[in-house]
Amino acid sequence: MGVLVRGRMLGSALVLAAGLGACAGTPKGVLAPVAATVPGASRVDMLVATTRKTAGNPGELYSGDRGPALSYADITVSIPPDSVRTPGTVQWPKSLPGNPATDFVTLKAETLDRPEAAARLRRSAARTGRRHVLVFVHGFNNRFEDAVYRFAQIVHDTKADVVPVLFTWPSRGSVLAYGYDRESTNYSRNALEGVLRRLAQNPEVTEVTVLAHSMGNWLVLESLRQMAIRDGRVAAKIRDVVLAAPDVDVDLAREAFRDMGPTRPRLSLFVSQDDNALAVSRLVWGNSGARLGAIDPGTEPYRSELARENIAVLNLTAMKGDDALNHGKFAGSPQLVALLGNRLAQGQTITDSRVGLGDRIVQMTAGAAATVGTAAGLAVSAPVAVVDAQSRETYGEHLRNLGQGLGNTAEGAVDLATAPARALGGR
């Protein structure tokens, strides 16, 4: 990267960062339970199954590392009164402990073994009369608490009459950990398949709907494909699968649909041609193929294929997204609206990317994971990390990740971080 270009990028970054000095990142440890909630607040109880490793901090419960086996948890989230919040949003605590009058807070977070998890599901179905399970599988760049609070928000705001089950896989919660996250979905295939099979075998459960977002779609499609190959079909109780902004190669998706067989679940697909995150994903994979979530369903061969495969599709390109990458757009098919409520038709953010300004600069220059671009992005982002709290939190991890593959470039980025003036001078 030339000195003048680098200088202009750095100058622009610092101008943008000037207004962020007072911003604070989300505190860690938000899953540490508070003593009580407040009148008017709502509660969402969920069962969690995860392939993540237990975290050292009990307020985090699980980390972004891969665990040795499937784990379970019983979590209750308190959501502040509707009068003080906007539907579709998560109100993160600014400091610990959070204030249940204005923030999402945790009322219970207990780990379970497998028999305890099964008993918890039975009790929930018996207590509420709900026998329809909604399984949510999050996407790329989600920490454990991101997935928990976002799923609680979805269940609450859509007034879904379901038993919520969150399946969360090991994501680093970092923009530059795309490769790690992708491999973590492969690591979690057998575990998700097992969870879905046991839910379908549970006599207390009459129906299962799976809602997947972004990279989580790859995990869902692979798990259902495996189930069909092992058992001859996808379990009959798994009725609907919702594929929201799937970060999946079109050719691989075709294979999964075929392997699931003619008795597969009803499939609903939500796409957007202006999804910048999927465009980046395609660059990461070397322009190897279109991403399923970014196709134009009105053009061939997609129009004929979708009709032939009886896949319901909703094109969200014209809808304004709530996130800068247009990757969190979401709306419901008739089946999903009937399940989750009419608010989904107005757009539903279902991911928490927690991206600071420095991360955005890295993302723009790096194509999310390309090494040369990452080095440039780190160099430009270094001074931003001084004033932007979220960038400070993730910058060190970005640097460590880069250093594993390209030590000399990382050292150069460190030099730029400590001497931005020298960097502008090109020495």
Side-chain angles (χ1 to χ4, degrees), residues 23-32 44 46-55 57-67 71 73 75-80 85 88-94 96 98 103-106 109 134-157 164-178 180-182 184-185 188 211-217 219 244-245 247 277 321-325 327-330 348-356 359-360 363 368 389-391 393-394 397:
C23 295
T26 302
K28 292 186 177 181
V30 297
L31 296 180
V44 173
M46 72 178 70
L47 180 64
V48 179
T50 182
T51 49
R52 294 173 184 259
K53 184 178 180 181
T54 303
N57 178 1
E60 296 179 49
L61 209 60
Y62 292 97
S63 70
D65 295 329
R66 298 166 188 158
S71 300
I75 296 181
T76 300
V77 177
S78 172
I79 297 176
R85 61 180 298 270
T89 59
V90 173
Q91 285 67 41
W92 288 93
K94 295 179 176 59
L96 297 179
D103 307 329
F104 278 53
V105 296
T106 306
L134 173 65
V135 179
F136 176 51
V137 183
H138 62 78
F140 164 61
N141 190 21
N142 270 232
R143 297 175 184 174
F144 182 75
E145 61 266 31
D146 293 335
V148 168
Y149 277 13
R150 180 55 69 184
F151 189 34
Q153 176 266 308
I154 291 172
V155 172
H156 172 266
D157 287 350
V165 175
L166 169 65
F167 185 91
T168 172
W169 46 275
S171 167
R172 290 288 194 200
S174 171
V175 171
L176 294 186
Y178 188 96
Y180 175 88
D181 279 18
R182 174 74 175 192
S184 289
T185 61
S188 304
L211 171 61
H213 180 248
S214 183
M215 195 181 285
N217 284 272
L219 172 55
D247 185 4
D322 291 332
D323 63 302
L325 294 177
H327 192 50
K329 295 182 189 179
F330 190 77
Q348 170 64 66
T349 300
I350 57 175
T351 185
D352 276 301
S353 53
R354 291 226 223 165
V355 177
D359 301 88
R360 292 187 189 278
Q363 198 166 34
Q390 188 60 52
S391 296
E393 184 174 343
T394 58
E397 184 173 352

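Count residues from 1 along the sequence.
With hydrogens and angles disregarded, no donor-acceptor distance shorter than 3.5 Å links the side chain of N217 to the backbone of M215. Remark: side-chain polar atoms of R52 are not paired, donor with acceptor, to backbone N or O of D65 under 3.5 angstrom. No donor-acceptor distance shorter than 3.5 angstrom exists from the side chain of W92 to the backbone of P27, with no hydrogens or angles considered. Distance alone, capped at 3.5 Å, places no donor-acceptor pair between the S214 side chain and the G216 backbone.
Here the shortest heavy-atom pairing between T185 and R182 reads OG1-O, 2.5 Å. Heavy atoms only, all atoms of each residue included: Y178 and D247 are closest at OH-OD2, 2.6 Å. Scanning all heavy atoms of the two residues, the minimum distance from V90 to F104 falls at CA-CE1, 3.9 Å. In terms of heavy atoms, S188 sits closest to P170 at OG-CD, 3.5 Å. Residues D157 and R85 come closest through the heavy atom pair OD1-NH1, 2.7 Å.
Side chains of Y62 and V48 form no contact here, defined as non-hydrogen atoms less than 4.5 Å apart. At a threshold of 4.5 Å between non-hydrogen side-chain atoms, the residues T168 and F151 do not count as touching. At a threshold of 4.5 Å between non-hydrogen side-chain atoms, the residues L96 and V30 count as touching. R150 has its side chain out of reach of H213: every pair of non-hydrogen atoms, C-beta onward, lies at least 4.5 Å apart.
Contacts of S63 classified as side-chain hydrogen bond (donor to acceptor under 3.5 Å, both in side chains), with partners at least two apart in sequence or in another chain: none. For E60, the side-chain hydrogen bond (donor to acceptor under 3.5 Å, both in side chains) partners at least two apart in sequence or on another chain are N57.
A donor atom on one side chain and an acceptor atom on the other are found under 3.5 Å apart for R66 and S184.
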